[in-house]
Every structure is written in C-alpha cells, then in structure tokens.
Amino acid sequence: MRQFLPGLVGGLFAGAIVWIAQNMGATFLVAAVLAAIGGFLGTVAGQKLQR
C-alpha cells in the first residue's frame, strides 16, 4: 500500500480541486489546468508522507 500512497494522494487532491472549481462555475479549461496542478501538488505531498 505504501508504494501507492503518492498516486492515491495526488488523485484525491486533484479530484477535490476539480470538484470545488466546477462547483464555483469554472470552465473546462480552468478545471483541466487545476487538475494538473492539483495532481502534481498532491503527488509531491504523497511522496513526502511516504518517507
């Protein structure tokens, strides 16, 4: 399970950011950019938790 932690945290973080952005009325392009940023930041956080 520990090896999947960065991907899991990254996916959950990206999904949460996109869900919040869409509820606030963001366009598809904005949601896609936020998903990429959220996936990156969530994966970095997951890697830090893994150590």
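Keep in mind it's a predicted model, so treat the numbers as computed, not measured. We use all heavy atoms of the structure for the numbers below, so side chains are in, but hydrogens, waters and symmetry mates are not.
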Show which side-chain atoms of residues 22-29 pair as donor or acceptor with protein atoms under 3.5 Å away, not counting sequence neighbours.
unit_1: N23; atom_1: ND2; unit_2: W19; atom_2: O; d: 3.3
unit_1: T27; atom_1: OG1; unit_2: V30; atom_2: N; d: 3.4

Which atoms form the tightest heavy-atom contact between [X] and [Y], and what is the distance?
| X | Y | value |
| --- | --- | --- |
| A14 | G39 | CB-N, 3.6 Å |
| V9 | A45 | CG1-CB, 4.5 Å |
| A31 | V18 | O-CG2, 3.6 Å |
| A21 | L34 | CB-CD1, 3.6 Å |

Scan L49, T43, V44 and name whichever one has a side-chain contact (heavy atoms from CB on, under 4.5 Å) with P6. T43
For L41, enumerate each residue passing the side-chain contact (heavy atoms from CB on, under 4.5 Å) test, keeping only those at least two apart in sequence or located in another chain. F13, I37
